[in-house]
Each structure stands twice: as C-alpha cells, then as structure tokens.
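We number each residue from 1, following the sequence as shown. Both backbone and side-chain heavy atoms feed into the values below; hydrogens, waters and symmetry mates do not. Whatever order the structure lists ligands and atoms in, that order sets their numbers, starting from 1.
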Amino acid sequence: MKINIAIDGPSAAGKSTIAKMLAKKLGYSHLDTGAMYRCVAYQSVRLGIDQNDEAALAAMIDSMSIDFDSDGHVFINHEDVSTQIRENQISMVASNISVFPSVRERLVQMQREIAKNKGYIMDGRDIGTVVLPDAELKVFMIASVEARAKRRYEEYLQKGIEADFKTISEDIEKRDYQDTHRLTSPLKKATDAVEIDTSDMSIEEVRCAIEQLLEALNK
Ligand code: DC
C-alpha cells in the first residue's frame, strides 16, 4: 500500500532533489510545494501586484491555475513557467508572500487535495506540521548555510547562470530567518519527524538513509 512522505527543511537543503529521486525509484509522485509559492510570487511580480497586499494576492490565486506534469514542469494558467520561477529574485518574493494566511490556506488546500490518494512525496516547510500531519514518514532535512550556499552556487554555475557566493549565502540566511520566524506555519520540525543533517552527505547517502527509514516502516 502506498503512503505519503513529508520532507521539510530550509531552502537549498536538497529536499526537491531527493524527493524527485525517491519518487522515481518508488513509483510515487513528487509535489514540490515551494514551486507553488514561487508561482504566486512570479505571477504577482508579472502582474504588478503589491507583495504586501494580502487580499489582492488571495484574489489573484483564486483566478489562476497551478499545475504540474509528471516530469515536474510547473504551469500557471497552462503556461510553462518552470525556469522563470527559479530566478533568485523570485525566491525572496516567494518567502515574502508565504507569510500571509490567505495565501497559505489556498495553497495548503490545493496540496491536500492533490495528495488525498496517497503515493506522494511532498517537500516544503510545513508538510509534516500542517499540510499532511498524518504522513506516514516525515523527514526534516537540514544542512549548514555554507553547505547549502555551495550547492546552490555550483548548481547556478552548471546551468550557466552568473552567481556570487556571498550573495547566495546571505539570501539563504535571510530566507531561513523569514521562514522560521513568520507567524503562520513557520518552518519547524514536526515532533514525529526524523532529522537528517545533509551537510557532509552525498545525495546517494541521503537517499539510502531515507530508504532505510522506509524499510523500518514496513517491518
Ligand atoms: O522550497 P523553495 O525554496 O522553492 O520555497 C520558496 C519559498 O516558499 C520559501 O522561502 C518559503 C515558501 N514555502 C513555504 O512557505 N511553505 C512551503 N511548504 C514551501 C515553500
């Protein structure tokens, strides 16, 4: 029988990479909830909606569709925005708009609806605590700021995107602060989540560690 798996943690901890990998191996679906907050951020920037206007953001969400295909591409109103939502500027806007309860309620509702049939690996900040409190396995992935900034920096270089290590590192620290200090559903480890510090682990090692947790569940 399929279960739901929640993977939470700060930005650039490797949650999506692991979730994608595991989903492929287990035949599960992956839902990157950060991409949904990024879609709201991107659409608000594009439409010139004030990032501090909670009501306008909520109305915007009510009039837009966010969809994923099985390859992890993200669509706003059927337009593929997978690349645009990854821009560094959008990361900070996503963190800013994610503080609003009206924004969160709408996205959480969509996320629960998507995962109601089980077989999902969902990654984000509040999956184990709010979105799927009944998820059968909860993982909380952490890593030092330096390790995360290094990974992001290398990712940008690989993609040919100009990047500055110091700026990336400062942005990560700023987002960590915002995501853990917001009033509604701040980033926090669920009491029943297993914490994995990936600072000195390879992706393969993290995957093995989670697979061992899954095996233990089946015993
Ligand atoms: O995972 P990410 O870096 O793509 O997420 C972008 C921002 O979205 C993050 O800084 C905080 C917000 N977010 C959130 O509040 N809750 C989630 N479940 C996922 C992301």
Side-chain angles (χ1 to χ4, degrees), residues 4-20 23 30-45 51 54 57-58 60-61 66 68 72-74 76 81-115 120-133 135 138-143 145 147-149 151-153 155-156 159 161 163 167-190 193 198:
N4 276 334
I5 303 172
I7 303 184
D8 288 302
S11 57
K15 303 181 298 290
S16 283
T17 309
I18 280 295
K20 217 178 286 169
H30 167 223
L31 186 70
D32 170 4
T33 62
M36 299 173 78
Y37 288 89
R38 286 172 181 272
C39 279
V40 173
Y42 178 62
Q43 189 74 340
S44 71
V45 168
Q51 275 173 50
E54 181 173 2
L57 289 167
M60 183 195 81
I61 297 172
I66 302 175
F68 293 86
H73 294 114
V74 196
I76 296 176
V81 293
S82 314
T83 311
Q84 296 91 314
I85 62 163
R86 297 288 153 202
E87 282 166 21
N88 206 32
Q89 176 219 357
I90 299 301
S91 308
M92 197 53 79
V93 181
S95 179
N96 294 344
I97 56 91
S98 75
V99 303
F100 295 121
S102 316
V103 168
R104 304 201 68 82
E105 275 159 25
R106 283 163 173 78
L107 296 189
V108 167
Q109 200 187 353
M110 289 181 208
Q111 290 153 14
R112 287 190 180 140
E113 184 60 30
I114 292 171
Y120 270 86
I121 304 183
M122 213 182 263
D123 75 81
R125 305 290 188 289
D126 58 344
I127 311 305
T129 50
V130 175
V131 183
L132 301 176
K138 297 180 186 177
V139 176
F140 195 74
M141 275 175 61
I142 58 162
V145 171
R148 287 184 283 143
R151 286 179 199 156
R152 234 337 101 84
Y153 179 69
E155 186 186 314
Y156 281 143
K159 288 182 182 158
I161 300 171
T167 310
I168 293 174
S169 176
E170 283 168 0
D171 280 357
I172 284 178
E173 270 181 302
K174 198 166 161 206
R175 275 212 290 153
D176 278 358
Y177 185 85
Q178 283 196 175
D179 295 347
T180 48
H181 287 81
R182 66 171 178 240
L183 289 176
T184 314
S185 318
L187 167 67
K188 115 170 156 228
K189 178 176 168 281
T198 70

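In this structure, Pro10 and Asp179 have side chains that are not in contact, with every pair of non-hydrogen atoms separated by 4.5 Å or more. Residues Val81 and Cys39 are in side-chain contact: their nearest non-hydrogen atoms beyond the backbone lie under 4.5 Å apart. The side-chain heavy atoms of Ile90 and Val45, taken from C-beta on, include a pair separated by under 4.5 Å.
For ligand 1, the atoms closer than 4.0 angstrom to any heavy atom of Asp179 are 9 (C), 10 (O), 11 (C). Near Ser98, the atoms of ligand 1 lying under 4.0 angstrom from a non-hydrogen atom of the residue are 11 (C), 12 (C), 15 (O).
Under 4.0 angstrom from ligand 1, there are no non-hydrogen atoms of Lys174. Residue contacts with ligand 1 for Ser95 involve both N, CA, C or O and side-chain atoms from C-beta outward (heavy atoms, distance under 4.0 Å).
Closest approach of Ile127 to Asp8, counting heavy atoms only: N-OD1, 2.9 Å. Residues Phe140 and Ile142 come closest through the heavy atom pair CE2-CG2, 3.6 Å.
Looking at ligand 1, you'll find an N or O of Thr33 within less than 3.5 Å of one of its N or O atoms. Any N or O atom pair closer than 3.5 Å counts here, and Arg182 shares at least one such pair with ligand 1.
With hydrogens left out, the protein atom closest to atom 4 (O) of ligand 1 is Arg38 NE, 2.6 Å, a heavy atom. For atom 18 (N) of ligand 1, the nearest protein heavy atom (residue, atom name, distance) is Asp126 OD1, 2.8 Å. Among all non-hydrogen protein atoms, the one lying nearest atom 8 (O) of ligand 1 is Tyr37 CB, 3.4 Å. Looking only at protein heavy atoms, the nearest one to atom 6 (C) of ligand 1 is Arg175 NH1, 3.4 Å.
Between the side chains of Gln178 and Ser95, a donor-acceptor pair is found at a separation under 3.5 Å. One side chain, Thr198 or Arg151, offers a donor N or O that lies under 3.5 Å from an acceptor on the other.
Heavy-atom separations between Arg104 and ligand 1 include at least one value shorter than 4.0 Å. Put simply, no part of Gln178 is less than 4.0 Å from ligand 1, judged by heavy atoms.
A salt bridge links Lys159 with Glu155: the distance from a Lys NZ or Arg NE/NH1/NH2 to an Asp or Glu carboxylate oxygen falls below 4.0 Å. Here Asp126 pairs with Arg104 in a salt bridge; the nearest charged N to carboxylate O distance falls below 4.0 Å.
The option from Lys15, Gln111, Met36, Arg125 that lies nearest to atom 2 (P) of ligand 1, judged by heavy atoms, is Arg125.
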